[in-house]
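So the structure is just underneath, and the comments pick up after that.
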Amino acid sequence: MSTNELSDRYNHLEVEDKNYLFWMKNNYFKAEDISTKPPFSLIMPPPNVTGSLHLGHALDQTIQDLFTRWKRMSGFNALFLPGTDHAGISTQLVVEKELLKQGLKRRDLGREKFLEKVWEWKETYGNRIIEQCKKLGDSADWGRIKFTLDDDVSAAVRKVFVSLYKEGLIYRGQRLVNWDTQLETAVSDLEVENEERKGTLWHIKYPIEGMNEFMIVATTRPETMLGDTAVCVHPSDDRYRKHIGKNVVLPLLGRKIPIIADEYVDQTFGSGVVKMTPAHDFNDYEIGKRHKLQFINILNTNGTLNSNAGPYQGLKVQPARKKVLEDLAAQGLLEKEEPHKQVVPVSERTGQVVEPYLSDQWFVAIHKLARPAKHVVESGTIEFIPEMWAKTYLHWMNNIQDWCISRQLWWGHRIPAWYCEDCKHVVVSEKNPVECDKCKSKNLKQDDDVLDTWFSSGLWPFSTLGWPEQTESFKTFYPTSLMVTGHDIIFFWVARMIMNGLHFAKDIPFRHVYIHGLIRDSQGRKMSKSLGNGVDPLDMIEKYGADALRFTLLSSVASGKDLKFSEKRLEGYRNFMNKIWNATRFALTNLKEYKSLNESINPEAMSLADHWIISRLKETQEQVDDYLDSHRISEAANTLYSFVWNDFCDWYLEFIKPIMYGDDIYQKNETAKVLAGTLNRIMRLLHPFIPFITEELYQKLPIKNEACIVDAYPTSENDRVWLSASDKEKAFELNVIKEAISALRNIRGENQIKPGQKINIRLSTASIRLNEILTKNQSAFTKMANVDGFEIGSNLSATKSALQLIQIGQDKMSVIVPLEGLVDLGAEIARLQKNLEKAQKDIEITHKKLSDDSFMKNAPPDIVETEKARLEQLVEQTQTIQESLERLK
RNA sequence: GCGCUCGUAGCUCAGUUGGUUAGAGUACUACCUUGACAUGGUAGGGGUCACAGGUUCGAGUCCUGUCGGGCGCACCA
């Protein structure tokens with residue numbers, strides 16, 4: 001096979017890697033810091049450095065690459081900046097798990113040794129996801145790749161921390177936080193998921209001091225009573241008002257604790273008495289502060305009970321609960337238990353029940369940062385696509401809470417705070433301090449904690465561009481043009497980028513936020529390892545090709561809704577790739593003799609089909625440009641799909657076959673140019689969607705430039721000269737033939753006339769214009785409808801014939817196929833009957849409309865006119881059908 | 001509880017200022033291996049646009065309610 005000959009099936013395996021190398025070798029992905037072209041910038045949401053690509057990434061990346069390639073082809077200095085995230089918690093978990101297999105524990109190794117292991121792990125697996133992105137076709141500027149723990153990014157992180165601290169927007173304090181007892185770290189509110197579970201509500205008797213009475217408290221977490229420092233009732237609760245100020249004796253531990261009153265208590269729930277555990281419950285914490293209650297912490301960091309729990313020390317929460325209940329029952333203090341639906345907070349990462357835990361943590365005071373971040377979205381300066389996500393964003397921003405940013409982990413940005421061992425002063429500094437700036441002691445100890453991963457992610461749009469230095473990159477590409485991400489991280493990430501961007505980079509981080517849905521399995525379930533329903537995009541790429549996967553994702557992503565992934569659909573788009581391949585194969589075979597073709601086409605010499613395909617191309621280009629501009633990705637993809645398959649392959653290629661196989665060299669030369677030119681534009685139009693196959697085929701075309709990836713994206717603007725060759729009138733004329741052929745096919749199909757059976761046809765029309773068009777184009781009918789005898793005229797006989805009436809603009813024609821001796825007439829009678837019924841029904845509807853006074857009075861004149869014309873047509877049609885039916889009987 | 005969102009063909013979904021006969025892919029049926037492609041071609045069947053009201057000359061589209069999914073946020077111990 002010579003290089004110009006294509007196999008009859010598209011084999012993505014031979015095409016994809018090869019073309020990726022070609023692009024890389026020629027530096028096509030590189031964006032310039034200084035350029036005369038307008039900038040377009042898009043920062044990749046950094047995937048976890050040790051992760052591997054899943055379908056969600058694939059969707060995310062493909063959308064980004066689509067816009068990058070489109071903008072690059074549209075003359076922009078397009079930057080797609082890649083990077084990876086250190087992903088504190090998940091990476092640490094993965095490595096810990098791995099070490100455990102070797103019998104090694106994190107704490108046994110110690111911080112330094114453990115971090116060495118994580119870095120080793122990162123070096124080994126850190127590029128895996130990057131390689132996977134390349135498989136997908138990402139045209140990212142890999143020379144600029146960033147990692148969240150890179151020196152310059154870390155410097156940005158420190159700068160931000162220190163300046164927020166100096167502004168008083170970062171503070172340290174002892175607070176009740178969400179505690180993951182497996183990881184032994186605090187986690188933020190966002191990292192906690194609330195699961196509804198069946199639980200039990202236990203009613204426990206607390207003896208009132210000096211009385212033979214009890215206060216009954218209800219609780220779902222009885223073990224927390226070990227940390228109780230009060231019981232609380234509503235101040236106006238008549239049942240208990242008399243007891244306020246007295247004490248109860250805490251069962252099991254015998255501690256005396258006060259009975260207090262607070263409006264918070266709901267008198268109607270349970271017994272109306274609430275036990276107060278200020279160190280282990282968020283509501284109790286608030287009340288505890290109001291009433292200056294004692295805070296007794298009963299937990300160790302690993303979730304076991306500490307010495308404050310007395311005899312229960314050392315037990316984990318669940319065993320302690322069991323024991324506490326047993327002991328209470330033994331003492332007759334367990335009044336009753338009842339089933340209770342409760343919401344349990346669960347750590348997103350480990351699935352452990354989150355315990356509220358009192359500890360020293362760092363927080364960002366968020367309200368001052370949130371205000372401008374709300375404003376830019378309210379004012380439309382930052383635009384969410386689809387718009388509805390702006391509501392979600394604003395709702396959260398309006399209820400935002402201070403952000404706990406410290407994590408008791410080792411892997412991450414260590415908090416740049418040092419404690420003076422001598423004077424207890426806290427030094428917060430960008431550079432590692434050598435001495436306490438208060439007492440000059442050299443006895444400094446750095447805070448052990450690291451920052452929440454999202455702290456560094458929040459700076460990503462500018463830390464990746466060299467900020468805080470005013471680099472050329474930063475000046476050129478900030479604010480970025482577009483951010484593409486899933487709705488699951490609007491709060492985690494998008495909100496924080498907006499807050500930080502405004503505060504530090506002094507401008508919004510991006511103009512548009514494209515929010516796509518999450519990918520679910522074909523049944524709509526979340527893809528997860530435990531369900532085993534995950535689809536590995538790399539398997540799909542291997543099997544169907546990256547382009548097919550990309551097109552599947554892009555054609556499915558609409559209006560920000562979640563999307564169900566089906567392999568069936570992927571198969572369909574794999575077939576589309578094959579279709580494109582074979583259409584080009586056909587073209588190239590027929591263009592063999594045209595080694596180089598020039599672009600200029602001569603409207604006078606073009607066939608009707610040439611005029612028609614160019615006019616369709618023009619419409620397609622206009623639509624696609626419009627759709628991409630308004631981020632309507634699936635519409636753009638589907639428009640191209642149907643143009644290529646339905647218009648170009650099904651009609652145009654069939655129409656030009658007689659020309660390409662014929663002897664009319666003059667005509668053939670012209671059509672060759674149109675064919676090659678159209679194909680060239682098809683490749684360019686499709687390239688951002690399916691880069692591999694389009695580059696491969698583009699390179700084989702007789703009309704081409706350097707590379708598809710850097711050729712211009714065709715629009716009705718920049719392609720005006722070529723598109724203007726299409727004569728509207730002639731394009732329209734082709735529709736006449738197309739309609740007639742469709743009618744013939746319909747007659748054939750419904751009457752079961754075998755495709756091999758040649759038929760005689762009569763095209764009957766009073767229109768001289770149609771008559772001329774049909775006469776000129778008899779060959780099209782011969783080839784495309786297997787027509788033998790051909791008669792054109794007016795008032796041609798339709799006896800014992802199938803008939804279809806066609807209306808084209810003002811002109812009408814009857815497509816007549818004599819059936820006598822060919823087939824039984826029953827099928828045609830049935831077909832006409834069906835058409836007749838439909839037409840009659842339509843007449844009824846239209847007639848009703850037109851005889852409605854209010855319609856005639858209120859509807860705009862053009863609508864009324866259309867309806868009138870329609871009625872006329874329908875009436876005529878029914879007459880013709882009825883006559884035809886008569887002649888069949 | 002508050003907020004958002006969806007309900008269109010067997011399945012997956014389009015349907016953007018309300019306006020001809022509600023579309024596509026897939027599945028299904030019939031026919032066809034014709035010199036790009038059977039990962040193909042041609043034709044066909046298939047919908048009370050969840051339901052009930054309302055606005056309007058006109059509603060899949062706008063409004064209200066009901067039913068049924070999904071999601072987010074906050075929750076009574």
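Convention: sequence-line order gives letters A, B, ...; per-chain numbering from 1.
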Nearest to side-chain heavy atoms of A:K579, which nucleotide of B:rG41, B:rC57, B:rC73: B:rG41
Between P of B:rC57 and CD1 of A:I845, the distance in whole Å: 20 Å
Shortest side-chain distance from A:H395, nucleotide among B:rG72, B:rU39, B:rC57: B:rG72
Stacked cation flag A:K336 on A:W202, 6.0 angstrom / 45 deg: no
Heavy-atom donor-acceptor pair, A:H12 side chain to A:I541 backbone, under 3.5 Å: yes
C1' gap between B:rG23 and B:rU64, integer Å: 29 Å
Proximity to the side chain of A:R870 - top-ranked nucleotide from B:rU21, B:rA36, B:rU39: B:rU21
B:rU55 and B:rA43, which share atom name P, separated by this distance in whole Å: 45 Å
Side-chain donor/acceptor of A:Q401 to base of B:rA74, under 3.5 Å: no
Which residue lies more 5' along RNA chain B, comparing A:L653 with A:D189 via nearest heavy atoms: A:L653
Rounded distance in Å between the P positions of B:rA50 and B:rG15: 15 Å
Complementary nucleotide for B:rU29 - Watson-Crick or wobble, under 3.5 Å: B:rA43
Lys/Arg-Asp/Glu bridge criterion (N-O < 4.0 Å) met for A:E750, A:R831: no
Minimum-distance nucleotide to A:P860 side chain [options: B:rG19, B:rC37, B:rA77]: B:rG19
Pairwise P distance for B:rA27 and B:rC11, with rounding to whole Å: 15 Å
Selection from B:rC57, B:rG15, B:rC37 that lies nearest to any side-chain heavy atom of A:A859: B:rC57
Presence of donor-acceptor pair under 3.5 Å, side chain of A:K838 and base of B:rU21: yes
Side chain A:R9 and base B:rU39 donor-acceptor under 3.5 Å: yes
Plane angle bin for A:F551 and A:F689 - parallel if under 30°, tilted between 30 and 60°, otherwise perpendicular: tilted
Per A:W645 side chain, nearest of listed nucleotides B:rA36, B:rG41, B:rC75: B:rG41
Identity of whatever pairs with B:rG3 - Watson-Crick or G-U, under 3.5 angstrom: B:rC71
Sugar-phosphate only, base, or nothing, as touched by A:C232 at under 4.0 Å among non-hydrogen atoms: nothing
Aromatic plane relationship, A:F491 with A:W396 - under 30° parallel, 30 to 60° tilted, over 60° perpendicular: parallel
Sugar-phosphate, base or nothing in reach of A:Q342, heavy atoms under 4.0 Å: nothing
Watson-Crick or G-U wobble partner of B:rU48, both distances under 3.5 Å: none
Test item: A:D284 side-chain N/O and A:T277 main-chain N/O as donor-acceptor pair under 3.5 Å: yes
Of the listed nucleotides B:rU12, B:rA36, B:rA77, the one nearest the side chain of A:V265: B:rA77
Gap between atoms CZ and P, on A:F269 and B:rC75 respectively (whole Å): 15 Å
Test item: A:T229 and A:P278 side chains (from C-beta on) under 4.5 Å apart, heavy atoms: yes
A:P755 side chain, from C-beta outward: closest of B:rU12, B:rA77, B:rC32: B:rC32
Watson-Crick or G-U wobble partner of B:rU55, both distances under 3.5 Å: none
Donor-acceptor pair (no angle test) under 3.5 Å: A:K754 side chain, B:rC31 base: no
Side chain of A:E635 (C-beta onward), nearest among B:rA36, B:rC57, B:rG15: B:rG15
Closest-nucleotide ordering on RNA chain B, the 5'-leading residue of A:R745 and A:N638: A:N638
Residue A:L190, side-chain heavy atoms: nucleotide from B:rG40, B:rA77, B:rC73 that is nearest: B:rC73
Side-chain donor/acceptor contact of A:R574 with base of B:rU39 under 3.5 Å: yes
Sugar-phosphate only, base, or nothing, as touched by A:F491 at under 4.0 Å among non-hydrogen atoms: sugar-phosphate
d(CG, A:L553; P, B:rU12) in whole Å: 18 Å
